[in-house]
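Predicted model, so just to flag it, every value in this text is computed and none were measured. Computed from heavy atoms alone, side chains included, the values below leave out hydrogens, waters and symmetry copies. Chain identifiers are assigned alphabetically (A, B, ...) following the order of the sequence lines, protein sequences preceding nucleic acid strands; residue numbering begins at 1 within each chain.
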Protein chains: 2
Amino acid sequence: MRQYILPKTFKGESSLVLSGKESQYLIKVLRLKEGQHILGRDQGGITYQLTIEKIGKQECTLSCIAVNEDASVQTTDALPSYTGPYPNLTLMQCLCKGKKEEQIVRQATEIGVKEIVLVQSRYCIPDLSGKSEKALGNRFERLDRQVKEALQQSGSPLSTEIYPEIIPLTELSKWWDNRGPALFFHQSNRNEPQKTLHELFESLPIDTPIALLVGPEGGFSEEECSTLEDEGWTPVLLRTNILRSETAGIYALSAIQTIMTEKSY
Amino acid sequence: MRQYILPKTFKGESSLVLSGKESQYLIKVLRLKEGQHILGRDQGGITYQLTIEKIGKQECTLSCIAVNEDASVQTTDALPSYTGPYPNLTLMQCLCKGKKEEQIVRQATEIGVKEIVLVQSRYCIPDLSGKSEKALGNRFERLDRQVKEALQQSGSPLSTEIYPEIIPLTELSKWWDNRGPALFFHQSNRNEPQKTLHELFESLPIDTPIALLVGPEGGFSEEECSTLEDEGWTPVLLRTNILRSETAGIYALSAIQTIMTEKSY
C-alpha cells in the first residue's frame, strides 16, 4: 500500500493541518476524499492511521492515530504488496551526474535499500571537492526529495536514508567498519574464480548488513580495486553485460534482494 | 568489451566510410586512433574486427574482417565482461510515457533482453490507438536509437529487437503462442501460494524462451489478471515494494538473469 511520509516537524500530534504541495499530494495525486484513510509514517519509522477529516481550498486536516503494525491500518489504497522481511542493504554509489544520481536514489529507495552513501573515487566525473557547502546542501536536498517521493509511492517500510556526507573511497572501509560483507562490482581482471551472488548470500541471515559499492561511469582504477581487496572487500563480476553506473546498482539490489527474500533465513 | 553496431546498409564489405555522428562516436566518444581496433556487429549478429584506417575531418575509414567468435577479436577496449550464456527473455512492457519508455528500453537492452514488445492494456496512460502512423514511427525510431546506443555501450552479444507493432493485451497470448513460460507481475489479490522466481527458473534450461509482462503505471485490472491466468500466464508478486513500471521490468530482468546465469543449466 502507498503511504504518506509525515513532515519532520510532526511529533505524534493527534491532528495535523497540511498545506501547499503536501496537501496537494493527498488530495490531487492520491485523490483521497474526506473520511478516507491512508498509512502514515513519521521520520522515526512509526506508523499512523491517517484520516482525511476536512478538505479546504489550499489545505487539508488529518487525524493521526499511532498503530503498532502496518497490518492493522485501514487504508483506502490497500494493495497487498510484499510486507517483508527485507535484506539490510547499503548502496555505496560513486558520484554520477546529478540527474543520474537522482534516478539511482529514486529506484534504490523504491526497491527498499536501507541506506545510500555517496562516494568520491578517482574516475568520478563530478568532482565535488571544491564545491561550496551550499551547492552540496542543494544536492543532498534534491536527493532527499527523491527518497521521500519514492517512499510514499512504493509504500516501503524501510526508512531509507542518505548519509549526509560524501565519503572518499579511501575512507570507506573505516566508515563501514566491518558491519557485514562488503562487495564491489568491477569490470577489470581480478583473481578467478569469484563467488556468485547465490554463493555469497543464499544462506546468510536476511538481516545481515551488506555493503554494495558501485563504481562511477569511468569504473574503478586497478589500484583502487587492489586496495579494496586488501581491505577485505569481495570483488564481484555480475553475469551480465557492461552496465552503466545507474543500472549496475539497481541490478545488484534487485538480484540480491530476490536471492535473500526467496532463499535466506 | 564495447562494440560498434554497423549501419543497416552494411553488407559485409571489406571497407567502410563513416561520417557525421557515426564517425564522431568512434573518434570523439570512444577516442579511437588510427590503427586501433574495435569489435563490430552487423544487424544479423555477425561480428567483425574493425580497424580505424584513416581519420578525416568529418569522417573515418574502417577495414572490416568478419570473425567467427568474439573471443578472437583484438580490440583496444578489451574489458573482460561476462560473455554468456544469457537467458532468452522477452520483456512485454505496457505503454508508459515517452521518456520512461526510453529509459526502460535502454536499461533492458543493457542487461541483455532478447526482445521488447510494447503492449496496450486498459490502464495505460498513453493511448496510441488514434495516433498517426508517422507519430508511431517516430516513437519506434526513438526506441531503436536507445537500443543501438545501449548495445554499443554494453557490448551485449544479443541483438535486442523491438517488435515493430503495439500489441493489445487481449492478443498477447496468441502472439506469444506458448513459446515458453509467460509471467505477469501484479499487485492485486491472486490465488496463493504463488511460486517464487527461484522455483520457476532455477532448474530451467537457460535458453528457454520466457515472457515477462509488466503492467502500466495504473496496473492491471482485475479482469485483465483473470483473463491472463485463464490463458495460462503465471502471476508473480515480487518480494519487494510497489515498484513503478519503469523499475519493475528492470528488477525482474536482473533477478531472473542472475538466477538463470548462476543456477540453471
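For the set Ala255(A), Gly112(A), Ala150(A), Gly219(A), the count of heavy-atom pairs under 4.5 angstrom toward chain B peaks at Ala255(A). Chain A forms the most heavy-atom pairs under 4.5 Å with one residue out of Gln107(B), Glu110(B), Gln103(B), and that residue is Glu110(B). Heavy-atom pairs under 4.5 Å with chain B were tallied for Ile259(A), Leu243(A), Ile111(A); the largest tally goes to Ile111(A). Across Leu253(B), Asn241(B), Thr196(B), the residue that shares the most heavy-atom pairs under 4.5 angstrom with chain A is Asn241(B).
Donor-acceptor pairing under 3.5 Å is lacking for the side chains of Glu149(A) and Tyr25(A). For the residue pair Glu229(A) and His186(A), no side-chain donor N or O sits within less than 3.5 Å of a side-chain acceptor on the partner.
Heavy-atom distances place the backbone of Leu238(B), and not its side chain, under 4.5 Å from chain A. Only the side chain of Tyr86(B) comes within less than 4.5 Å of a heavy atom in chain A; its backbone stays farther off.
Glu246(B) has no carboxylate O lying under 4.0 Å from a charged side-chain N of Lys97(B), or vice versa, which leaves the two without a salt bridge. In this structure, Lys114(B) does not pair ionically with Glu161(B), as no charged nitrogen and carboxylate oxygen lie closer than 4.0 Å. Between Arg122(A) and Glu224(A) no salt bridge is recorded (no basic side-chain N to carboxylate O distance below 4.0 Å).
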